[in-house]
Amino acid sequence: MRTRTTRQGSVAAALLLALCAPTAVAAPVDSAVESADASSAESAGAALVARRAALAAASRGGGGAGLDFRACPAVEDLPSRVRCATLRVPLDYARPDGPQISLTVSRAAATGAGGAARQGALVQNPGGPGASGMYFPLVADLPGWERIAAAYDFVGYAPRGVGRSAPLSCTDPAARPRGPVQEPVHPSPAYKAERLAQARAYANGCARRAGAALPYYTTLNNARDLHVLRAALGEERLTLMGASYGTYLGAVYATLHPGHVRRMVLDSAVDPDPRRVWYRNNLDQARGFEGRWHDFRAWVARHHGTYGLGTTPAAVQAAYERVRDAVARTPAGGNVGTGELRAAFLQAAYYDDVWPDRAAALAAFLRGDPSLLAAQAAPDPASAAEAENATAVYTAVLCNDAPWPADWATWDRDNTELARTAPFETWANAFLNLPCASWPVRARQAPVAVGSQPERLPRTLVVAAERDGATPYPGALELQRRLGAGSSLVTETGAGSHGVVGGRNDCVDRHVERYLLTGATPGWRVTCTPHPEPAPVSLDDGAAGARRALLPPVV
């Protein structure tokens with residue numbers, strides 16, 4: 001699941017889960033590849049490094065941080081009140097004194113407003129894998145976060161491989177195609193063969209550029225890094241906000257280190273069933289995206305008076321297809337083809353905040369003005385390096401994490417069948433993940449059996465939207481089941497925006513605030529009514545394209 005954040009986005013900024021489809025992958029049994037037993041070289045190494053970090057934190061004192069927080073480098077583009085530090089961790093935890101990598105960390109200290117007592121560090125992982133949380137401290141300034149920011153240091157970090165944290169790259173960003181990308185609606189055998197060759201070349205590029213480090217970009221190592229970060233912050237137990245992939249990371253951490261869990265908010269949950277990580281999860285996601293694509297079209301149809309795109313979802317689909325056919329012939333703005341169009345409208349399957357802008361762009365295009373569509377869908381050359389890095393980390397972690405089918409026939413069969421009922425994103429997901437079929441790492445991980453920890457976890461809070469396409473709702477039910485009786489699930493019914501916490505739904509945010517401040521959960525399962533749908537934007541008021549969505553755009 002790939003996610004990205006913006007510098008001023010909400011804590012729920014977790015996006016672009018791009019998985020694939022299910023079938024006869026060699027399914028791991030429902031047991032952890034790594035036990036928490038100290039005989040494991042990696043577990044022993046992580047425990048040793050965490051103890052050293054805790055000792056360093058204790059020796060430094062002064063606010064409970066063993067990290068040397070100073071002014072952030074200019075490249076991070078963070079205000080002066082946010083401080084930055086570097087955390088050294090082993091590349092390979094089986095060799096704790098072997099090659100080291102540096103992870104970047106950011107922090108905004110608890111404000112103490114209203115005399116609030118400091119409760120420690122609130123660490124955030126925004127998902128991905130491949131997203132950076134360095135901007136999380138800025139959330140402390142957003143409306144509604146004042147009481148939490150008074151009690152907690154807000155700590156963000158860039159996980160291994162991301163940003164300046166031992167950055168991973170699989171291709172030269174300058175060499176990437178600049179568009180337009182033209183994707184066929186129904187890929188031919190020749191097109192599939194071309195994409196298969198590209199996937200193999202990409203996987204080889206990852207191996208060539210990363211070298212011997214490639215196998216060490218995994219969820220297990222991300223969890224070990226989080227364990228060391230917790231200790232370096234001077235925290236005996238971790239308080240975490242994880243979104244999207246961050247929910248899976250949090251769940252793996254809780255399974256490996258249950259005694260070091262304080263509180264966890266897990267927003268938009270990935271299904272942690274080892275039999276579904278990662279290949280099978282994609283079937284659920286493709287179907288989920290199809291459902292949200294329908295939700296968007298139904299909303300546009302309800303606002304036919306504004307957009308004129310049709311009074312039924314089918315009519316809106318036909319309007320979209322007319323635009324798709326047009327950009328296949330003549331790219332909008334010279335660089336928006338069918339690939340860029342699909343990617344832009346995938347955002348509508350993630351977030352309803354962008355629905356007015358996307359509908360306005362379709363309507364304007366069909367009225368003869370392609371400028372809105374070009375502005376919304378054209379790739380940003382300034383973010384090419386960041387996008388390449390995010391894709392590289394995403395690919396490496398998912399490919400290393402679990403077994404994938406090695407034969408193209410399996411992928412072709414499963415995705416062909418899936419595309420019959422979920423055509424919107426199925427093949428794009430498949431081709432994104434296809435490097436995992438020929439991944440040049442011999443020993444893949446087997447997914448951790450989340451919930452197999454020997455001791456009961458403290459109370460945790462899972463938050464989910466009932467119609468989330470990126471992380472479909474059954475995953476939240478499975479995660480809660482595995483976390484045990486102390487886990488509470490807050491469901492935003494009838495809604496589907498990915499990432500629920502942080503400004504959309506006051507009911508959800510009240511539960512989250514109460515939990516973080518007191519540890520109290522609302523019960524086994526509670527519901528919140530959906531946040532309001534966005535209002536349509538008239539093409540005549542000049543606002544279309546200028547509005548900012550609550551969350552960042554999907555890439």
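Remember, it's a predicted structure, so these values are computed and weren't measured experimentally. Note: hydrogens, waters and symmetry copies are ignored here, and every other heavy atom, side chains too, is used.
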Nearest 0.5 Å, what's the [atom1]-[atom2] distance between [X] and [Y]?
X	Y	atom1	atom2	result
L489	L483	CG	CG	10.5 Å
T410	N415	OG1	CG	10.5 Å
Q119	E235	CD	CD	10.5 Å
L238	L229	CG	CG	8.0 Å
R95	Q100	CZ	CD	10.0 Å
L398	T218	CG	OG1	11.5 Å

Measure across [X] and [Y] and return the closest heavy-atom pair with its distance rounded to 0.1 Å.
X	Y	answer
L266	G250	CD2-CA, 4.4 Å
T171	E388	N-OE2, 3.0 Å
A212	P215	O-CD, 3.2 Å
P96	V49	CB-CG2, 3.8 Å
S244	H498	OG-NE2, 3.0 Å
M241	V512	CE-CG1, 4.4 Å

Would you say [Y] and [X] are linked by a side-chain donor-acceptor pair, where the criterion is simply a distance under 3.5 Å?
X	Y	answer
R263	T239	no
S438	R200	no
N222	Y217	no
Y157	S165	no

Would the distance check show the side chain of [X] and the main-chain N or O of [Y] forming a donor-acceptor pair, the cut-off being under 3.5 Å?
X	Y	result
E425	L346	no
N125	G242	no
D401	Q445	no
E236	R262	no
E386	A384	no
Y515	R459	yes
Q285	A470	yes
R51	A231	no
N221	Y93	no
D267	V462	no

Looking at side-chain heavy atoms only, is the closest gap between [X] and [Y] below 4.5 Å?
X	Y	answer
R444	W404	yes
E466	E492	no
V448	P272	no
L78	P137	no
H511	S488	no
T247	S268	no
R287	L418	yes
T104	V162	no

(request) Look at R482 together with D273 and state whether they make a salt bridge at an N to O cut-off of under 4.0 Å. (result)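 Answer for the salt bridge query: yes.
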(message) Under 4.0 Å between a side-chain nitrogen and a carboxylate oxygen: does that hold for R510 and E513?
(response)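 Not counted as a salt bridge, because no side-chain N and carboxylate O are separated by less than 4.0 Å.
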(request) Show your working on side chain to side chain contact (heavy atoms under 4.5 Å, CB included) between L138 and F154 and close with a plain yes or no. (result) CA-CA 8 Å; L138 299 182; F154 277 33; over 6 Å; no
Using 30° and 60° as the class limits, which term best fits the ring planes of [X] and [Y]: parallel, tilted or perpendicular?
X	Y	answer
W411	Y279	perpendicular
W278	Y248	perpendicular
W145	F136	perpendicular

(request) Check the pair D153, L122 against side chain to side chain contact (heavy atoms under 4.5 Å, CB included), reporting the backbone distance first and the verdict last. (result) CA-CA 6 Å; D153 301 342; L122 173 60; over 6 Å; no
(request) Any chance you could lay out the side chain to side chain contact (heavy atoms under 4.5 Å, CB included) test for L477 and R525, step after step, and finish with the verdict? (result) CA-CA 10 Å; L477 300 176; R525 287 180 183 166; 3.7 Å; yes
(request) Would you sort out whether E42 and L220 count as a side chain to side chain contact (heavy atoms under 4.5 Å, CB included), showing the intermediate values? (result) CA-CA 9 Å; E42 292 86 357; L220 281 169; over 6 Å; no
(request) Please name the residue in the list D271, T491, D284 that meets the side chain to side chain donor-acceptor pair (under 3.5 Å) test with Y473. (result) T491
(request) Please report the C-alpha distance between R413 and D407 in whole Å, then the side-chain angles of each, then the deciding distance to 0.1 Å, and finally whether the salt bridge (Lys or Arg N to Asp or Glu O under 4.0 Å) criterion is met. (result) CA-CA 10 Å; R413 182 187 67 237; D407 60 305; 5.7 Å; no
(message) Within a 6.0 Å radius of atom CZ on R147, are there more than 12 heavy atoms belonging to other residues, nucleotides or ligands?
(response)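 At most 12 heavy atoms, drawn from other residues, nucleotides or ligands, come within 6.0 Å of this atom.
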(request) Apply side chain to side chain donor-acceptor pair (under 3.5 Å) to the pair R230 and Y253, showing each step before the final yes or no. (result) CA-CA 11 Å; R230 170 204 57 77; Y253 181 92; 3.1 Å; yes
For residues 80-87, dump all side-chain donor-acceptor pairs below 3.5 Å to protein atoms at least two apart in sequence or in another chain.
from : atom 1 : to   : atom 2 : distance (Å)
R81  : NE     : D141 : OD2    : 3.1
R81  : NH2    : D141 : OD2    : 2.0

